[in-house]
There are 2 protein chains.
Amino acid sequence: MISLKQLRYFDAVAREKHFGRAAEQCAVTQPALSMQIQDLEQQLGTQLLERGRRGVMLTESGREIAERAAKVLTDIRDIVDFARHQGDVPAGRLHLGVIPSIAPYILPPLLPVLREQYPDLDLHLRETQTQHLVRELLDGQLDLLLLGLPVEDPHIETAALFDDRFLLATSKSHPITANLRATPEMLEQDRLLLLEEGHCMRDQALAVCDLQRVGNLDTSGSSSLSTIVQMVANGLGITLLPELCLDVESRHGAINVIRFADPEPSRTIGLAWRRSSPRKPHFVELGKLIKAVGNRQPPAASA
Amino acid sequence: MISLKQLRYFDAVAREKHFGRAAEQCAVTQPALSMQIQDLEQQLGTQLLERGRRGVMLTESGREIAERAAKVLTDIRDIVDFARHQGDVPAGRLHLGVIPSIAPYILPPLLPVLREQYPDLDLHLRETQTQHLVRELLDGQLDLLLLGLPVEDPHIETAALFDDRFLLATSKSHPITANLRATPEMLEQDRLLLLEEGHCMRDQALAVCDLQRVGNLDTSGSSSLSTIVQMVANGLGITLLPELCLDVESRHGAINVIRFADPEPSRTIGLAWRRSSPRKPHFVELGKLIKAVGNRQPPAASA
DNA sequence: TTTTATCATCAGATTTTCTGATCGGTATGT
DNA sequence: ACATACCGATCAGAAAATCTGATGATAAAA
């Protein structure tokens, strides 16, 4: 089997046209180099060098093979360089999964920042529900998740980024609009509109109600907060909105948004990755950026 | 130092996603492969593989490096293939030196044949006098010479191809035209036109005369047989022509050409190469071709 | 002729690499 | 819950490869 060492030695000889100097360059003795060259010639079944009185000269095969060898050695150097300067900064392909109740609100401001900060990062996005994200993460189809914590899995490590308060959203004409602070009890007074089954925000919203009252729930469920906001605006019910989405969803002013009385219910947004992933430092790095973007969202709102 | 073995093992793992099977493919035990992979990862300062419960998966760096490694391994295979299928047939760059009294007559028919028989042969031609050819051969600037033998040099090996008879060329109106066979003595009767100093044919022609008569020599000498033939045709003297050139030089019928009486004087055309050259088999091969082409020249001539 | 330069060869020392046994951890099936 | 199978890591000793330093052979230079 031909080895890189042989190519390195041969490359040195091809450049120096002299075994002694080549050996010196390679930091070995001349016999060692001689033997490797001979072995290489035997492996290749060709004489690469003409040992003559006027030093060494390359045979025709030798010339061609020296060129190819030099190219291989360059490629090898590139591999090492690439690997070494890897790790410094998030780069390469990164498959990021985001839940639907975050994606539309975090990604628009986040993506430009990412592109600027980490131009070598080749981001691939996937938006779906937590359970699917987790499975795809474990399967290796995704590398990193942005979702609501906690994620309970022994193979997954998470990092919290920031808390995202829940706010009560009602129609402009709704009677409870007068209140300064909402309470969970108010949720019982009207039909509660939630995302369809499987969305973590649905479960979190139900948790806020503290009980499994299915009575005043819209049974169908919607697949996006936007749709729910439209419904709320048209008096079809009330809902909980994450503070994160306010900037987008209340921009048109068609709904009222009321903060809860203390303790304000909230969800924790965080990152998740395979415990076995070596990119944790990058993920933490990215987390800082996402946190910064998340906090740049309006810090509070009451109308 | 990173080694090809490591890349080979890593490539196998990248394809198999399984240390055991990869090791089997590489015909080593799993620990051996494991250790090489670990060493590679350390050399590169990057984790290449994520060892997970669902088998092994490549990290992002791993994927990139696996691709590059595969490419390097392919290049290596190409080098070996190239080298192995080398030697079969004359190919690659070949610097051929030819003396001026052969080149114009052998090359026109030879080159098309060469191109057809050995399409991978990249022929570079040099036409000059023997002494220069020999020096350039020893210097490695030329690989093979086509010239008149013998060549006396301990570092040069030669192979005779065919004999090339000398013929006496006179003008149409010359009195000795009547003779059926020429003799060396006839050369004394008229001015002998020869190539300039340094051409082997000049020396060979003088040898035919058996003596160093400079009396009736054209002192200047010409640099090509064509010119001499013109001079002969115009009655400026006589000359010796190699049979090889007849087809070209007597085509126009402006001169008379007479064979010598036995023993017919001749020169031996042959090949010469550095004794240290590994391409001797190719040269012998090429020699057969040149011989065939040389013999296809008119076998004799008397007018 | 002697000297110098250069690559090849050789034996023994050194280093690298491999094997075979074993460990620890995880997933799977009962 | 337990037993089992699987997988990669680890380790010590064996085997193989590589290197060194001395020497040889040959050709060019002095």
Side-chain angles (χ1 to χ4, degrees), chain A residues 1-10 12-43 47-59 62 135 138-140 153-157 274-278, chain B residues 1-10 12-43 47-59 62 135 138-140 153-157 274-278:
Chain A
M1 263 297 101
I2 175 178
S3 79
L4 269 195
K5 180 166 4 191
Q6 293 168 341
L7 294 189
R8 281 193 257 263
Y9 289 1
F10 175 53
V13 174
R15 278 184 287 105
E16 289 295 329
K17 312 251 191 275
H18 189 288
F19 277 58
R21 284 194 295 278
E24 194 180 359
Q25 277 197 7
C26 298
V28 290
T29 54
Q30 169 263 318
L33 184 134
S34 259
M35 291 189 302
Q36 289 295 336
I37 299 283
Q38 283 176 57
D39 192 38
L40 178 63
E41 286 183 323
Q42 193 177 350
Q43 300 285 343
Q47 192 173 333
L48 300 173
L49 299 166
E50 253 182 73
R51 285 85 162 164
R53 45 236 111 267
R54 298 181 209 288
V56 185
M57 63 177 67
L58 287 163
T59 64
R135 184 167 37 71
L138 291 175
D139 285 352
D153 188 304
H155 309 120
I156 289 182
E157 187 173 357
R274 285 184 302 281
R275 212 172 270 287
S276 62
S277 170
Chain B
M1 261 302 93
I2 175 177
S3 78
L4 268 194
K5 181 170 358 193
Q6 293 167 343
L7 295 189
R8 279 192 259 262
Y9 289 2
F10 175 54
V13 175
R15 279 184 286 104
E16 289 295 328
K17 312 252 191 272
H18 188 288
F19 278 58
R21 284 193 296 277
E24 194 180 1
Q25 276 197 8
C26 298
V28 290
T29 54
Q30 170 263 320
L33 183 135
S34 261
M35 292 189 301
Q36 289 294 337
I37 297 283
Q38 283 176 57
D39 192 39
L40 178 63
E41 285 183 325
Q42 192 176 350
Q43 300 284 345
Q47 192 174 333
L48 300 173
L49 298 167
E50 252 182 75
R51 284 84 162 164
R53 41 237 107 269
R54 295 182 209 287
V56 184
M57 64 178 65
L58 287 164
T59 65
R135 184 167 36 71
L138 291 175
D139 284 351
D153 187 302
H155 309 120
I156 289 181
E157 188 174 357
R274 286 185 301 282
R275 210 172 271 286
S276 63
S277 170

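Lettering follows sequence order; numbering is per chain, from 1. Below, each value reflects all heavy atoms present in this structure, side chains not excepted, and no hydrogens, waters or symmetry copies.
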Query raised in the report: Step by step, would you call B:T59 with B:Q47 a side-chain hydrogen bond (donor to acceptor under 3.5 Å, both in side chains)?
Result: CA-CA 7 Å; B:T59 65; B:Q47 192 174 333; over 6 Å; no
Query - A:R51 vs C:dA8: side-chain N/O to OP1/OP2 distance below 4.0 Å - result: yes
Query raised in the report: Side-chain N or O of A:S34 less than 4.0 angstrom from OP1 or OP2 on C:dC7?
Result: no
Once you round it to whole Å, what is the distance between [atom2] of [N] and [atom1] of [X]?
X     : N      : atom1 : atom2 : result
A:L4  : C:dT16 : CG    : C1'   : 16 Å
B:L40 : C:dT17 : CG    : C1'   : 15 Å
A:R21 : C:dA5  : CZ    : P     : 12 Å
A:E16 : C:dA5  : CD    : P     : 17 Å
A:Q47 : C:dA8  : CD    : C1'   : 13 Å
B:M57 : D:dG8  : CE    : C1'   : 15 Å
B:L49 : D:dA9  : CG    : P     : 8 Å

Query raised in the report: Just checking, any donor-acceptor pair under 3.5 angstrom between side chains of A:Q6 and A:Q43?
Result: no
Query raised in the report: Nucleotide by nucleotide, 5' to 3', does protein get under 4.0 Å of the base (B), only the sugar-phosphate (S), or neither (-) in nucleotides 17-30 of chain D, counting heavy atoms?
Result: -SBBBB----SS--
Requested in this report: Look only at the side chain of A:E41 and the backbone of A:L49, and say whether a donor-acceptor pair between them is shorter than 3.5 Å.
Outcome: yes
Query raised in the report: If you take all heavy atoms of A:A22 and A:L33, which pair is closest and at what distance?
Result: C-CD1, 3.7 Å
